[in-house]
4 protein chains.
Amino acid sequence: MDREQRRTEILKAAEDVFARLGYHGAGIADIIDRAGVARGTFYLYFESKRHVFEQLLDKFFEIIRSQVRRIDVSRGPDAVLEQIRGNATRVIDAILLHRSLGKILLSEAVGLDEECDEKLLSFYARLLALIEGALRLGIDGGIVRPCDPRVVALCILGTMKEVLYHGIMKPNDLPRETLAEEILQYNLRGLLRPGGVSQTRDGGL
Amino acid sequence: MDREQRRTEILKAAEDVFARLGYHGAGIADIIDRAGVARGTFYLYFESKRHVFEQLLDKFFEIIRSQVRRIDVSRGPDAVLEQIRGNATRVIDAILLHRSLGKILLSEAVGLDEECDEKLLSFYARLLALIEGALRLGIDGGIVRPCDPRVVALCILGTMKEVLYHGIMKPNDLPRETLAEEILQYNLRGLLRPGGVSQTRDGGL
Amino acid sequence: MDREQRRTEILKAAEDVFARLGYHGAGIADIIDRAGVARGTFYLYFESKRHVFEQLLDKFFEIIRSQVRRIDVSRGPDAVLEQIRGNATRVIDAILLHRSLGKILLSEAVGLDEECDEKLLSFYARLLALIEGALRLGIDGGIVRPCDPRVVALCILGTMKEVLYHGIMKPNDLPRETLAEEILQYNLRGLLRPGGVSQTRDGGL
Amino acid sequence: MDREQRRTEILKAAEDVFARLGYHGAGIADIIDRAGVARGTFYLYFESKRHVFEQLLDKFFEIIRSQVRRIDVSRGPDAVLEQIRGNATRVIDAILLHRSLGKILLSEAVGLDEECDEKLLSFYARLLALIEGALRLGIDGGIVRPCDPRVVALCILGTMKEVLYHGIMKPNDLPRETLAEEILQYNLRGLLRPGGVSQTRDGGL
DNA sequence: GATGAATGAGCTTTCATTCAT
DNA sequence: AATGAATGAAAGCTCATTCAT
């Protein structure tokens, strides 16, 4: 119990430090200074610098995952949209609640270490697969316009990442609700004003 | 003249190495090995590792910037869209042409160093301002639906980054044309099939 | 009483561990794991890692010493030889019986620490003095051929150490009796077949 | 050329330091202090601490090996003995000439590292095989008395190691010639005065 | 007396940068 | 201008020892 508490303290310190200085910028010295423990103590709880970092990634993945509810398609298009909005809002809220973890994930894109890279890549791959699956359902159900679901899944992920990164880095710039709502509207409707321009693909663009 | 050539050689070597190994994974040794020059020579042309990296960022910024043409709004909505498509296509093509630089920019998101961070941030800030300005024009001109141009600018940037990163990392996965076209369609139209669901904000979402 | 028992348990554990891993290879963790006691408990019974090691050396010295009987020279050459053989056999048997201690003594020759070194050196010094004394007696009594007793004492010690080390490390390679008998014969007679070559120093060698 | 010289300097420094402090007692700091070079310079010439040590072992093995001449058995027993004496004398002289290396080899018996251990063991194994082979020849040729050549080879190695270790540690205690001559006489003749005691195995011992 | 979490000095190794040639 | 050997600060990690419980 006590052990778990100590571990959590160090993990929190590491989270802050990694968020502030990045993986490479952070040293064990920074982490233990912040946690107020000795060098050896750190290694009592974590095998290595890399290992703490992975623990943080795992923690973050778990947080995100736990916000996503399976979508029930049986209750009609509007209900589906509402569920999507719920998922999106919860994820956004969770990330903005865990700023440091969010910053770590969104900053340290890749290139730390083979194992970390793999973790990140597989996380995003699963996320993309999830989105892509939902898109295919939407297309089949006639809710989503015909498109390449793989590319569009990338687009959705991209909007989320970029907007959230901004939300994390400049917390007071834009209200959370605005971010969530605008992401949704943008993803659903795109830029164009309905009926504003010619909508046939060939003619219009 | 000869000096400039030597400098370019080293810069190219650094580009390849950074793209392959990342900023921290790359050592001066890798760069000079690839460039075929001595250690000291490297420092004759560049102040530091960080400095070469900055030069590469600058080079990339310049490439991107040179692809973007000012949009002439006087020729009607369809013409504007055509110009936007032109800009987007040129940027996409340019990035996919300069894979290494693109990978560097999109991978080493941030966190290397205060000065580098500032460079990246200011680059993206200017890009966002550009997009935001265009959006405001679009909204005023009735082409773009009413929205928060700052958030939507982030969304657009996000889609570009994510799709391009995928395009760079898995060059043969999806054809360049598909990427460009899908980004455009997505940005313009969003996900929904026109008329597919109720479009009033209150009722629909 | 109980305290003494605990102490002995830890000492035995240390003996096994040092024999298996060597002084530097062994950690306190290994010893306490084997002894089944806590870290702090170890330091309740021994001041330091070095200290346990010294205790083991002392224990071993005592075992060896207790095997050596004073030689009675009054009963003629053959009886003396018989007594020497008795001493040698008992020492050899004792060492092979305490493999771990033997391995420790013979492996960790020297160089651990000033105090340990001194202990080892003084042990060997006393052993050598013992042997040397016996040699002088033998020379005076006409049993041993004229020689430098100090160097020859080293030779005798050397044969013992080397053969016993082999006996410890490869227990099943050569039978104990063979080892003991061959050491004795070798020490007494050397290599040459009696009468096989010219034995005068000047002529022969 | 210059590079080789520098390397030799560091190697010599390492030799001194290892001889003085032992493998574990010695730190890179000691070596570079003695060599008068910077930390990085050390690693320019040697991969690791272990690596320098191995180099020293190799160097020593080579020195020893180069002192041993193949024995020509065709010229009679006395000539064979003379050749053996020559080998022994050269080896002894070489070791006493390279005190530091000798001390390293004879002190750091074993237990440093798997690879080093293997090196040492294989060195001694080859040495033993050499001696054993010579003994078998001697027995077949009737020069050497019947004995177990494996055990006796250990005895010979043991006398050499012990006497040389003494010679290294206390250089001025006994003259080199005495050491060499006494080892030889001891190995050849053993302790007993010829004809001094009954030589039949059963009766005498 | 027993515990085991905590300690921190110390280790080997790396690598961006310098500078004598 | 070009070289590459030399540098040394700083990193991550270990482990014998201590001490509050």
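Chain identifiers are assigned alphabetically (A, B, ...) following the order of the sequence lines, protein sequences preceding nucleic acid strands; residue numbering begins at 1 within each chain.
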In whole Å, what is the span from the OH atom of A/Y43 to the P atom of E/dC11?
17 Å

Do the side chains of D/V37 and D/R6 get nearer than 4.5 Å, heavy atoms only?
yes

Classify the angle between the aromatic ring planes of A/F61 and A/F123 as parallel (below 30°), tilted (30 to 60°) or perpendicular (above 60°).
parallel

D/K49 NZ to E/dT14 P: how many Å, rounded?
15 Å

Any donor-acceptor N/O pair, B/D30 side chain to B/G27 backbone, under 3.5 Å
yes

How are the rings of A/Y23 and A/F53 set relative to one another: parallel (under 30°), tilted (30 to 60°) or perpendicular (over 60°)?
perpendicular

Residue whose nearest DNA chain E nucleotide is more 5′ - B/F42 or A/L44:
A/L44

How would you label the contact of A/I28 with the nucleic acid (heavy atoms, under 4.0 Å): base, sugar-phosphate, or nothing?
sugar-phosphate

What is the distance, rounded to the nearest whole Å, between atom CG of D/D30 and atom C1' of E/dC11?
12 Å

Determine whether B/K119 and B/D58 make a side-chain contact, defined as any pair of heavy atoms from C-beta on separated by less than 4.5 Å.
yes

When you match A/A29 and C/S48 each to their closest nucleotide on DNA chain F, which lands nearer the 5' end?
A/A29

Any heavy-atom pair between the side chains of A/H51 and A/Y43 that's under 4.5 Å?
no

Applying a 4.0 Å non-hydrogen cut-off, can you work out what D/F46 is touching in the nucleic acid: base, sugar-phosphate, or nothing?
nothing

Is any side-chain heavy atom of D/L56 less than 4.5 Å from a side-chain heavy atom of D/L105?
no

More 5' along DNA chain F: C/G40 or A/T41, using each one's nearest nucleotide?
A/T41

How does DNA chain F look in dot-bracket notation if pairs are Watson-Crick or G-U with both distances under 3.5 Å, crossing ones as [ ], other-strand ones as |?
.||||||||||||||||||||

First and last nucleotide of DNA chain F touching chain D, 5' to 3', heavy-atom cut-off 4.0 Å?
F/dA5 to F/dA10

Side chains of A/Y124 and A/K161: does their closest heavy-atom pair fall under 4.5 Å?
yes

Would you indicate whether the side-chain heavy atoms of A/F60 and A/I104 approach each other to under 4.5 Å?
no

Comparing nearest nucleotides in DNA chain E, the 5'-proximal residue of the pair A/G36, D/R39 is A/G36

What is the distance, to the nearest angstrom, from the OH atom on D/Y23 to the P atom on E/dC11?
14 Å

Interatomic distance where CZ belongs to B/R50 and C1' belongs to E/dA16 [whole Å]:
12 Å

Length of the line joining D/L21:CG and E/dC11:P, which is rounded to integer Å:
11 Å

